Amino acid sequence: MPSTGPLPSTIFATDQLVGDERFEAWRCSISVIFDVAPVGHEPPKDFQASVTARHLGALLVGDLNFGRQQFSRGSPRVARDGVDHYLVQWYRSGGFVGQHDDGVDMEVRPGDITVFDLGRTQRTYAQPSRVLSLVVPREIAAESFGGRDADLHGTVLRQGTALGGLLSDYLQSLHQRLPDVTLAEAPAVVQATTQMLAACLRPSRHTHAQARVELQGVTLERIQRHILQNLAAPLRPELLCQHFGISRSLLYRLFEPLGGVAHYVQQRRLLRAFHALASPANRRLRVAEVATRSGFSSEAHFSRTFRAAFGLTPSDVRAMAGGALAAAAGTASQAAPSTVEYANWVRTLQV
């Protein structure tokens, strides 16, 4: 192909399939990166997903649309597949809750940008979403990120921040212009993109850490640790002030960037309950017991708050755990040609 030709591209979609074939085809298409499972024991008959991917030589860009599901990369999977890239995802709509590194909670909302290190573990529960994804090889990221092992796994740039807005504007422009980019222009686009990622992602961690030390201080971290270790106990503001010897006004000021102390406590309790319900190890626990262990005194209030936060009932999330156990491994022979092509791109991606 001449250097002035268009970028290689491939398209996958489930809209020509019916019933269970849709989710199975999607599972095969994404299996190069993630293990996926439906919400509940069976995927919905109307499940839809699509991917339009373009290959820039040292970078893959994909425009993804997908329905509600679970994504995971467990330790056996990470060790087995050898995929060693960064995955940058801009959630143009939808979002997820989940964990990375087997225990660190995270939440991504519409407009947020997140980064996963595919050499580390994660498990997320996604709403129907549209996502622009960049697969960035570790070696090329190292040139811009300041080291081969930049600690970016689980980083989230919020929509309302200056750096989050700047990077999302760039990704929107990149997405719009990619159809006109030629092979000859691809290296310059890759360089500009990785430098933009580094400019927004690396300072974001440094700036956040500095702001926490300078503006919120060590006290905030101590209170957060106390909250996470005592979610089942009473955590009213007056009790926190008494325990840490601070005024109510200081407590409120410390937690203002996090949505307030009551909001923070409730979100931590909801996330604790979500992961307890989603874990197969807790399948014998009643919902009421999970609610109590997470700090909710009323099961009815817990259920209402839970559904308002996640768009799912506690029973829906419990069904996810059963669905994950029942999800079967697929075979490469079931994949469409476009799926195989994209999988090969991911595996052989290099500088």
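Just so you know, these numbers come straight off a predicted model, no measurement behind them.
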Begin with the C-alpha distance, continue with both residues' side-chain angles, and end with the deciding distance and a verdict on side chain to side chain contact (heavy atoms under 4.5 Å, CB included) for H55 and L60. CA-CA 5 Å; H55 199 324; L60 299 182; 3.4 Å; yes
Hey, could you give me the [atom1]/[atom2] distance between [X] and [Y], rounded to the nearest 0.5 Å?
X    : Y    : atom1 : atom2 : value
D20  : F47  : CG    : CZ    : 11.5 Å
L17  : E24  : CG    : CD    : 10.5 Å
L178 : L132 : CG    : CG    : 8.0 Å
Q267 : D105 : CD    : CG    : 10.5 Å
I246 : R222 : CD1   : CZ    : 9.0 Å
R318 : L285 : CZ    : CG    : 6.5 Å

Run the side chain to side chain contact (heavy atoms under 4.5 Å, CB included) check on R283 and L277 step by step: do they pass? CA-CA 7 Å; R283 61 185 178 274; L277 290 165; over 6 Å; no
Shortest non-hydrogen contact between [X] and [Y], atoms and distance:
X    : Y    : value
S294 : R269 : O-CG, 2.8 Å
G95  : S129 : N-OG, 3.1 Å
R130 : D63  : NH2-OD2, 2.7 Å
H301 : F296 : CD2-CD2, 4.0 Å
S29  : W26  : OG-O, 2.8 Å
L152 : T155 : O-OG1, 2.8 Å

Between [X] and [Y], is any pair of side-chain heavy atoms under 4.5 Å apart?
X    : Y    : value
Q99  : T121 : no
L7   : L183 : yes
D84  : E139 : no
Y264 : I227 : yes
L134 : Y86  : no
R68  : L312 : yes
F116 : M106 : yes
F244 : L251 : no

Inspect the contact between D46 and R22 and indicate whether a charged nitrogen and a carboxylate oxygen are less than 4.0 angstrom apart.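 So R22 does not pair with D46 through a salt bridge.
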Are the charged groups of D35 and R27 less than 4.0 angstrom apart, N to O?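 No, this pair does not count.
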Report the C-alpha distance between E256 and R253 in whole Å, list the side-chain angles of each, state the deciding distance to 0.1 Å, and finish with yes or no for salt bridge (charged side-chain N to carboxylate O under 4.0 Å, His left out). CA-CA 5 Å; E256 184 178 1; R253 187 161 66 249; over 6 Å; no
Which residues pass the side-chain hydrogen bond (donor to acceptor under 3.5 Å, both in side chains) test with T14, sequence neighbours left out?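 Once residues adjacent in sequence are excluded, the partners of T14 under the side-chain hydrogen bond (donor to acceptor under 3.5 Å, both in side chains) criterion are Q48.
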Would a line drawn from the ring center of Y125 to the ring center of F274 be shorter than 6.0 Å?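 Here the rings of F274 and Y125 have centres that are less than 6.0 Å from each other.
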F71 and F66: aromatic ring centres closer than 6.0 Å?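 Ring centres of F66 and F71 closer than 6.0 Å.
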Is it the case that the side chains of S315 and T313 hold a donor-acceptor pair, with the cut-off being a distance below 3.5 Å and no angle test?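 S315 and T313 do not have a side-chain donor-acceptor pair below 3.5 Å.
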Going by atom types only, do D112 and Q159 share a side-chain donor-acceptor pair under 3.5 Å?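 No donor-acceptor contact under 3.5 Å links the two side chains.
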Show which side-chain atoms of residues 167-174 pair as donor or acceptor with protein atoms under 3.5 Å away, not counting sequence neighbours.
{"unit_1": "S168", "atom_1": "OG", "unit_2": "G164", "atom_2": "O", "d": "3.1"}
{"unit_1": "S168", "atom_1": "OG", "unit_2": "G165", "atom_2": "O", "d": "2.9"}
{"unit_1": "Y170", "atom_1": "OH", "unit_2": "T193", "atom_2": "N", "d": "3.4"}
{"unit_1": "Y170", "atom_1": "OH", "unit_2": "T193", "atom_2": "OG1", "d": "2.7"}
{"unit_1": "Q172", "atom_1": "OE1", "unit_2": "R92", "atom_2": "NH2", "d": "3.2"}
{"unit_1": "S173", "atom_1": "OG", "unit_2": "R177", "atom_2": "NE", "d": "3.3"}

Could you go step by step and tell me if I11 and S50 meet the side chain to side chain contact (heavy atoms under 4.5 Å, CB included) rule? CA-CA 7 Å; I11 299 174; S50 65; over 6 Å; no
R307, CZ: over 12 other non-hydrogen atoms inside 6.0 angstrom: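 At most 12 heavy atoms, drawn from other residues, nucleotides or ligands, come within 6.0 Å of this atom.
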Counting only heavy atoms not in E238, do more than 12 fall under 6.0 Å of its CD?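 Count over threshold, so yes.
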Please determine whether residues [X] and [Y] belong to a single hydrophobic cluster, defined as Ile, Leu, Val, Met, Phe, Trp and Tyr linked transitively by side-chain heavy-atom distances below 4.5 Å.
X    : Y    : answer
L250 : Y252 : yes
L197 : L166 : yes
L228 : L240 : yes
V83  : V78  : no

Looking at L231, is its backbone amide N or carbonyl O close enough to the side chain of R268 to form a donor-acceptor pair, meaning the two atoms are under 3.5 Å apart?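 Side chain of R268 to backbone of L231, a donor-acceptor pair under 3.5 Å: no, none is there.
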Within the distance-only criterion (no hydrogens, no angle test), does the side chain of R138 pair as donor or acceptor with the backbone N or O of D117 below 3.5 angstrom?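 It does not hold such a pair.
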Taking F34 as the fixed residue, which of Q69, R123, Q122, R77 is the one that meets the side chain to side chain contact (heavy atoms under 4.5 Å, CB included) rule?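 Of all the options given, the one that passes is Q122.
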